[in-house]
Amino acid sequence: MAEKQFILSLDQGTTTSRSFIYDSDFNRTAFQQIEFKQYYPHSGWVEHDPETLWESQIQTARKAISEGQIDIKDIAGIGITNQRETTLVWNRDTGVPVYPAIVWQDRRTSAYCKQLKEHGESENVAQKTGLVIDPYFSATKIKWILDNVPQAKEQANQGKLAFGTVDTWLIWKLTKGVKHITDYSNASRTLVFNIRTLEWDQELLDLFGIPKSMMPTVVNNSGLLAETDPSIFGKSIPITGIAGDQQAALFGQLCTQPGMAKCTYGTGCFMMLNTGKDIIVSTHKMVATIAWKLGEETTYALEGSVFVGGALIQWLRDELMFIKDAVESEVLAEQAKDSGGVYFVPALTGLGAPYWDPDARGAIFGIKRSTTKAELTRAAIESIAFQVNDLMEAMSQDLVNPITQLRVDGGAASNSLLLQFQSDISTVHLLKPTQLETTSLGVAFFASMGAKQHTIASIKHKWTIAQEFKPKLDAKLVTAHLGNWKEAVSRSLGWASSTTEIGE
Ligand code: ADP
């Protein structure tokens, strides 16, 4: 058997840190995960403790190595994938963060984003970065830290502070501060990276008041990118792949050709479409982003995200106590033949693409005396599909060819009722792969290519289909559903701004 046959994938997510070990055929040899604490210091704020992110990640890696009884010298490379946009700032000399990590979901910079839009910055930002101005992306979070943490601005101006997304933070830790790097996919989510010139954009850095010295060096998604300090695992291991979670999933689904698309149904839902060498600046509020850069070739993607997807099922479980676990949602929903005319708009944290309305709030329409728990649950599941369909419709309007096929993954993709309804209302063919952990698999692909174990060609046959879903709902019913959904959404937009908030 060949030496150096394993890849260690580190998948630092929003709620868990996970480590996977794959053999050279991408069979999973070991897996460990740790769930960590979320902090909500104020309404709309979400933070993580940077040391916990690191500690939980490294612990799962060490445990996976011992679970798989892996000799460190047999690990050919490490792949790192991460929750994107989440923002950390630390002191370069001490390595100590100046503030907790501000998580992608955090809305504290909403008012500032609104001001920027009112000042007419949207077009320039979209042309350069492919993104829309929204608290979701990193730049306004960096600015918030510099403006609100005592002495942060002075220290930043003296070159003493470093910014990083979670990939950068983990690599800083793994290399003991030797490498301050990120990859193109993560860089393209910061709102200050020019996706055309492939450089940090000075004009945008100035707009947000971020000194360039804070920014990491941007590297390819695959290659010999860094080496871990020998003290971390006992021996040094090369880091050979990095990618933001959704881009990693796109690669893990082997959507390597233009026109291929995937949707991940997790806490939120993330749809991404490979647009090849073309940057499509959306006229329908999707975002253009870098999928990956391999060698000299940059591949772009179009992306849309839904903030509350599977999270709605968690809400049914934890707050309404309709179900004991997420799997039960499908069993309960199956008890109703349809949603009984109920439409659930899960704008619990506002609405993301294509609405981008932070003031929308959740609403349930069409409740009657006869409405059952099963119908409400079915409506909740269907709302996930409606939101993804909105993304698909918006993307299709930016494209020459319609999307006819969608590869799916994520925790909620285990719900067949959801996937069938998606196929029905979007009249699209859904393909679910055997390996649903496409994020960690995708970065394992990058890492194995970087370690020269594999090429794209040799990876191709590693993707296999477990299940397919084809549309079968009557066309008239589809039209009625879509019309009703649009009406429901229109009534929940702007709720927070046109009503008086009670309590915090
Ligand atoms: P993330 O990576 O965003 O943490 P996962 O991909 O692990 O999320 O998926 C977890 C989400 O999927 C949770 O929000 C959970 O409620 C939802 N989920 C899991 N199983 C099901 C199911 N059978 N039906 C609907 N939702 C589900």
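Because only heavy atoms are used, hydrogens play no part in the values below, and waters and symmetry mates are left out as well, while side chains stay in. Each ligand, and each atom within it, is numbered from 1 in the order the structure gives.
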(request) May I ask you to check whether Phe421 and Phe386 place their ring centers less than 6.0 Å from one another? (result) yes
(request) Among Lys432, Gln435, Glu437, Lys262, find the one that has a side-chain contact (heavy atoms from CB on, under 4.5 Å) with Asp409. (result) Lys262
(request) Nearest 0.5 Å please: distance from the CG atom of Asn82 over to the OG1 atom of Thr168. (result) 7.5 Å
(message) Taking the six-membered ring for Trp, are Tyr184 and Trp292 closer than 6.0 Å centroid to centroid?
(response) no
(message) Under 4.0 Å between a side-chain nitrogen and a carboxylate oxygen: does that hold for Asp359 and Arg107?
(response) no
(message) Could you check whether His454 and Phe445 have their ring centres less than 6.0 Å apart?
(response) no
(message) I need the contact residues for ligand 1: any residue with a non-hydrogen atom closer than 4.0 Å to the ligand, ordered by chain then number.
(response) Thr15, Arg18, Gly266, Thr267, Gly310, Ala311, Ile313, Gln314, Ala326, Val327, Ser329, Gly410, Gly411, Ala412, Ser414, Asn415
